[in-house]
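One structure is given here, and the rest of the page talks about it.
The figures here come from the full heavy-atom set of this structure, side chains too, leaving out hydrogens, waters and symmetry mates.
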Amino acid sequence: MGSSPTEFPERPDLPSGNPPSPELTYVPVIPEPRPDPLWRYVLLFLLTVYTTTTVGRQHYLSFYLGFGGGFNPFTPWELMVRGLWYSVPILAILGCHELGHYLACRYYGVAASRPYFIPMPLVLTGTLGAFIRIRRPIPGKRELFDIGIAGPIAGFVIAVPVLFMGMYMSRVVELPRTPEGELFWLGEPLLFKAAAWLTFGHVADGYTITMHPVAFAAWFGLLATALNLFPIGQLDGGHISYAVLGRKSTAVSLVMAVCLIGLAAFWSLSWAVWAGLTVTMLLVFGPHHPRTVDEDVPLDPARKALAVFAVIMFILCFTPAPIEPMDLVTRR
């Protein structure tokens with residue numbers, strides 16, 4: 001899109017060797033990409049509902065029993081229904097994030113798939129998130145910026161009320177002296193800390209907040225927002241960075257990749273997987289963002305202000321140590 005063919009095929013009714021007249025030139029119509037079958041989206045979504053609800057029932061049982069353990073009073077069906085406390089809000093956050101991208105693509109006429117959800121029976125999350133496939137080049141920087149930032153804003157708008165609702169449903173409990181099983185310490189983003197303080201005030205030493213599954217869904221949603229806003233390559237943050245900085249965004253990508261490797265090596269091993277994925281992305285696709293035809297045209301002030309808001313969202317959702325075993329935290 002955005003370019004015309006450099007040569008035109010000969011028309012049979014023109015004398016040989018004569019160039020075609022302007023009124024006879026044409027641009028070939030690019031056929032619309034063939035849409036993926038609907039059953040594929042539905043199947044992946046239903047599988048993700050199952051995996052997140054299965055994980056959610058464990059979150060609810062842990063919240064109900066607390067650190068002390070005890071008897072499970074729920075039938076498997078009752079517990080599965082309570083798993084929806086986690087699966088519904090996390091799917092809403094992830095789904096709205098991708099719908100933001102999708103609707104922005106539709107607005108600008110950029111061919112894109114519907115959201116794909118990724119089911120994964122992981123212990124903490126039950127999913128690896130969601131994504132859409134953009135099947136046509138994005139024509140300009142404004143369109144690239146709007147499509148890139150629409151997802152994080154849409155997910156953030158859902159995550160904030162979910163966070164405060166989940167924090168209201170959580171409770172403060174005493175830390176166990178001899179915990180049963182392995183406990184994990186979840187890093188708290190600034191927004192999470194603010195919601196906890198507004199809900200509970202100061203939490204005394206020896207006590208902690210045991211999160212309701214809704215609060216855990218918000219925590220994961222904030223983490224996913226921060227991951228997507230890293231200004232690297234073709235992540236959402238990479239699109240925003242390129243739209244604002246142009247080719248200078250390559251240096252930003254490389255610096256942030258080094259920072260990610262540093263976080264994984266010297267701060268928290270929980271960053272290792274994300275660091276590995278982003279470095280692989282840079283090696284496969286290269287550090288340079290795909291160029292747009294208006295690369296040197298600056299963005300308007302309103303979009304620059306939204307770029308600043310994207311940085312604020314990243315700061316509010318970021319935590320330097322997302323997940324760590326509690327015994328490692330207590331030894332520091």
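You'll find the side chain of P290 reaches within 4.5 Å of the side chain of Q234, heavy atoms only. Taking 4.5 Å as the limit, some side-chain heavy atom of F63 sits within range of a side-chain heavy atom of R171. You'll find the side chain of T127 stays beyond 4.5 Å of the side chain of M120, heavy atoms only. Between F230 and T278 there is no side-chain heavy-atom pair separated by less than 4.5 Å.
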* CA sep, side-chain torsions, deciding dist, call: M167, V214, side chain to side chain contact (heavy atoms under 4.5 Å, CB included) -> CA-CA 8 Å; M167 199 59 66; V214 174; over 6 Å; no
* Asked: Passes side chain to side chain contact (heavy atoms under 4.5 Å, CB included), I134 versus I147? Steps please.
  -> CA-CA 10 Å; I134 297 179; I147 292 170; 4.2 Å; yes
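By the rule that hydrophobic residues join a cluster once side-chain heavy atoms approach within less than 4.5 Å of another member, V252 and V311 end up as members of one cluster. A continuous path of Ile, Leu, Val, Met, Phe, Trp and Tyr side chains, each step under 4.5 Å between heavy atoms, connects L191 with V203, placing both in one hydrophobic cluster. Under the 4.5 Å side-chain contact rule for hydrophobic residues, F318 and I261 do not share a cluster. A single hydrophobic cluster is not seen to contain both V244 and V297; linkage of ILVMFWY side chains at heavy-atom distances under 4.5 Å, directly or through other members, places them apart. One hydrophobic cluster holds both W271 and L190 under the rule that ILVMFWY side chains link at heavy-atom gaps under 4.5 Å.
Counted by atom type alone, Y242 and E295 present one or more donor-acceptor pairs between their side chains at under 3.5 Å. Checking S249 against H289 by side-chain atom types alone, no donor-acceptor pair falls below 3.5 Å. A donor atom on one side chain and an acceptor atom on the other are found under 3.5 Å apart for S87 and T53.
Here the closest non-hydrogen pair linking P152 and H101 is CD-CE1, 3.9 Å. Nearest approach of A218 to V162, heavy atoms of both residues: CB-CG1, 3.8 Å. Here the closest non-hydrogen pair linking S253 and G233 is OG-N, 3.1 Å. In this structure, L260 and A275 approach most closely via the heavy-atom pair O-CB, 3.9 Å. When all heavy atoms of P139 and V293 are compared, the pair lying nearest together is O-CG2, 3.6 Å. Shown here for P89 and L84, the closest heavy-atom pair between the two residues is CD-O, 3.7 Å.
If you look at H212 and W85, their ring centroids are closer than 6.0 Å. Checked against a 6.0 Å centroid threshold, the rings of Y60 and Y86 do not count as neighbours. The ring of F74 has its center closer than 6.0 angstrom to the ring center of Y64.
Applying the 6.0 Å contact sphere to CZ of R106 captures no more than 12 heavy atoms from other residues, nucleotides or ligands. For F164, the CZ atom sits in a packed shell: over 12 heavy atoms of surrounding residues, nucleotides or ligands are nearer than 6.0 Å.
Rounding to the nearest 0.5 angstrom, the gap separating the CG atom in L186 from the OG1 atom in T208 is 9.0 Å. Here the CG atom belonging to L122 is positioned 8.0 Å from the CZ atom belonging to F220, to the nearest 0.5 angstrom. Atom NZ of residue K193 and atom CG of residue L198 lie 13.5 Å apart, to the nearest 0.5 angstrom. We find the OH-CZ distance between Y168 and F200 to be 10.0 Å, quoted to the nearest 0.5 Å. For the atom pair I149 CD1 and N228 CG, the distance stands at 12.5 Å (nearest 0.5 Å). Rounding to the nearest 0.5 Å places CG of L254 at 6.5 Å from CG of L282.
Panel note: side chain T210, backbone V173; no donor-acceptor pair is recorded below 3.5 Å. Of the possible polar contacts, one joining the D294 side chain to the K141 backbone as a donor-acceptor pair under 3.5 Å is found.
For the side chain to side chain contact (heavy atoms under 4.5 Å, CB included) criterion with L306, the lone passing option out of I153, D146, D300, I240 is I153. None of F117, F131, Y102, Y116 except one satisfies the ring pair (Phe, Tyr, Trp, His ring centres under 6.0 Å) rule with Y41; the exception is Y116.
A cation-pi arrangement is absent between R303 and F145 under the rule of less than 6.0 angstrom and at most 45 degrees off the ring axis.
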